[in-house]
A.B. asks: 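Take this structure first; my questions come after.
So you know, we letter chains A, B, ... as the sequences are listed, proteins then strands, and number each from 1.
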Amino acid sequence: MRGASAPPPETEGELLARAQSLAGRTLAELAAELGLAVPPDLRRAKGWVGQLVERALGACAASRPGPDFAALGVELKTLPLDRHGRPCETTFVCNVPMRAVSELSWGDSPLRHKLARVLWVPVEGERQLPVGARHVGAPLLWSPSAEEEAVLASDWEELAGIIGRGGIESLTARVGRAVQVRPKAAHGRVRRRSLDAEGTSIDALPRGFYLRVSFTEAIVRRSYAAPAQRRGDRAPR
DNA sequence: GATTGATCATAC
DNA sequence: GTATGATCAATC
């Protein structure tokens with residue numbers, strides 16, 4: 001992706017204010033300001049919306065490891081919503097550290113670190129809407145509540161336990177209440193070193209941790225339910 | 001219609 | 001190939 005990029009925000013408040021200034025704008029407007037072309041659809045540009053918002057907010061380069069806003073310790077996630085305010089997709093969090101997973105407790109897991117502080121930026125995501133016509137919604141700076149963290153930690157223990165015992169090949173996306181493990185690769189022939197139940201090294205398809213729709217839906221629903229107590233506010237536009 | 005398993009683009 | 005950003009599309 002070519003084009004310009006905003007300077008990085010220096011404080012969380014500045015980041016949030018900048019994200020709020022994006023609310024109500026269309027992706028075509030943001031793209032024009034950054035000198036970027038809008039793709040006809042996302043089939044061949046699946047990360048385009050996320051990268052566009054990264055640039056608009058001055059996040060670090062998209063391909064580098066670590067938080068999007070390194071100095072602030074904040075991770076940026078765009079969240080595609082349907083007309084009812086429900087996420088259209090699950091949310092990728094991080095790759096599964098196949099071999100190290102058995103040595104990691106929830107406290108030092110990549111899952112906890114990635115989700116410690118997240119700036120959620122909702123974006124209209126229905127496929128029938130032309131990409132450029134989609135609106136950015138009101139942002140939400142989030143950290144897991146005690147209840148949310150308890151669910152995430154329990155999922156980590158269960159999923160990491162299965163993988164740590166060499167069960168990666170038998171692990172399906174049905175396991176986990178808030179988090180699930182699914183393939184994460186460029187194509188089906190990609191392999192990564194893992195361990196089977198006997199501790200023998202095997203080559204397995206890389207996997208990632210994803211947040212279920214029900215979990216992210218609850219996050220956005222709560223955040224817009226409170227302000228909506230004043231007369232009939234609805235999902236962000 | 002929702003979910004799972006598969007896949008796409010880009011930077012280094 | 002690895003890591004970033006995710007959505008697609010077959011199937012349940």
A.B. asks: So A:Pro80, base contact, sugar-phosphate only, or nothing? Heavy-atom distance under 4.0 Å.
C.D. replies: sugar-phosphate
A.B. asks: Report the distance from atom CG of A:Asp41 to atom P of C:dT7, rounded to the nearest whole Å.
C.D. replies: 13 Å
A.B. asks: Using atom CG of A:Leu52 as one end and atom P of C:dT7 as the other, report the distance to the nearest whole Å.
C.D. replies: 13 Å
A.B. asks: Starting at the 5' end of DNA chain B and moving along, which residue's nearest nucleotide shows up first, A:Ala186 or A:Cys88?
C.D. replies: A:Cys88
A.B. asks: Can you tell me how far C1' of B:dA6 sits from CZ of A:Arg207, to the nearest Å?
C.D. replies: 11 Å
A.B. asks: Got a sec: does the CD of A:Glu33 have more than 12 other heavy atoms crowding it under 6.0 Å?
C.D. replies: yes
A.B. asks: Report the nucleotide, chosen from B:dG5, C:dA6, C:dA9, that has the shortest atom-to-atom distance to any side-chain atom of A:Pro183.
C.D. replies: B:dG5
A.B. asks: Just how far, in rounded Å, is P of C:dA9 from CD of A:Glu89?
C.D. replies: 11 Å
A.B. asks: Mind checking the CD1-CD spacing from A:Ile162 to A:Glu157? Nearest 0.5 Å is all I need.
C.D. replies: 12.0 Å
A.B. asks: Expressed as a whole number of angstroms, how long is the span from A:Glu54:CD to B:dA11:P?
C.D. replies: 12 Å
A.B. asks: Looking at C:dG5, B:dC8, B:dA6, which one has an atom nearest to any side-chain atom of A:Gln51?
C.D. replies: C:dG5
A.B. asks: A:Arg192 has a side chain; which of B:dG5, C:dA6, C:dA3 sits nearest to it?
C.D. replies: C:dA3
A.B. asks: For the side chain of A:Arg44, counting heavy atoms from C-beta on, which of B:dA9, B:dG5, C:dA6 is nearest?
C.D. replies: B:dA9
A.B. asks: Looking only at the side chain of A:Arg174 (C-beta and beyond, no hydrogens), which of the listed nucleotides C:dG5, B:dG5, B:dA6 gets closest?
C.D. replies: B:dG5
A.B. asks: Closer to the 5' end of DNA chain B via nearest nucleotide, is it A:Val175 or A:Ala185?
C.D. replies: A:Val175
A.B. asks: Tell me which nucleotide among B:dT4, B:dT3, C:dT7 gets nearest to the side chain of A:Arg86.
C.D. replies: B:dT3
A.B. asks: Can you tell me if A:Arg177 has over 12 outside heavy atoms packed within less than 6.0 Å of its CZ?
C.D. replies: no
A.B. asks: Taking the basic N atoms (NZ, or NE/NH1/NH2) and the acidic carboxylate oxygens, is any pair closer than 4.0 Å for A:Glu54 and A:Lys77?
C.D. replies: no
A.B. asks: Find the distance A:Phe92:CZ to C:dA3:P and express it as a whole number of Å.
C.D. replies: 10 Å
A.B. asks: Return the CG to OG1 distance between A:Leu79 and A:Thr91, rounded to the nearest 0.5 Å.
C.D. replies: 5.0 Å
A.B. asks: Given atom CG of A:Leu129 and atom P of C:dT7, what is their separation to the nearest angstrom?
C.D. replies: 14 Å
A.B. asks: Between C:dG5, B:dA6, B:dT4, which nucleotide gets closest to the side-chain atoms of A:Lys184?
C.D. replies: C:dG5
A.B. asks: Let me know the distance between CD of A:Gln180 and C1' of C:dT7, rounded to the nearest Å.
C.D. replies: 14 Å
A.B. asks: So does A:Arg189 get a side-chain nitrogen or oxygen closer than 4.0 Å to the phosphate oxygens (OP1/OP2) of B:dA6?
C.D. replies: no
A.B. asks: Check this for me: does the side-chain of A:Arg43 come within 3.5 Å of the base of C:dA9 through a donor and an acceptor?
C.D. replies: no
A.B. asks: Looking at C:dT7, I'd like to know if its phosphate oxygens (OP1 or OP2) sit under 4.0 Å from a side-chain N or O belonging to A:Thr90.
C.D. replies: no
A.B. asks: Would you call A:Asp203 and A:Arg193 a salt bridge, using N to O less than 4.0 angstrom?
C.D. replies: yes
A.B. asks: Regarding A:Gly50, tell me which of base, sugar-phosphate or nothing describes its non-hydrogen contacts under 4.0 Å with the strands shown.
C.D. replies: sugar-phosphate
A.B. asks: Given C:dA6, B:dT4, B:dT7, identify the nucleotide with an atom nearest to the side chain of A:Tyr210.
C.D. replies: C:dA6
A.B. asks: Would you say A:Arg127 places a side-chain N or O within less than 4.0 Å of OP1 or OP2 belonging to C:dC8?
C.D. replies: yes
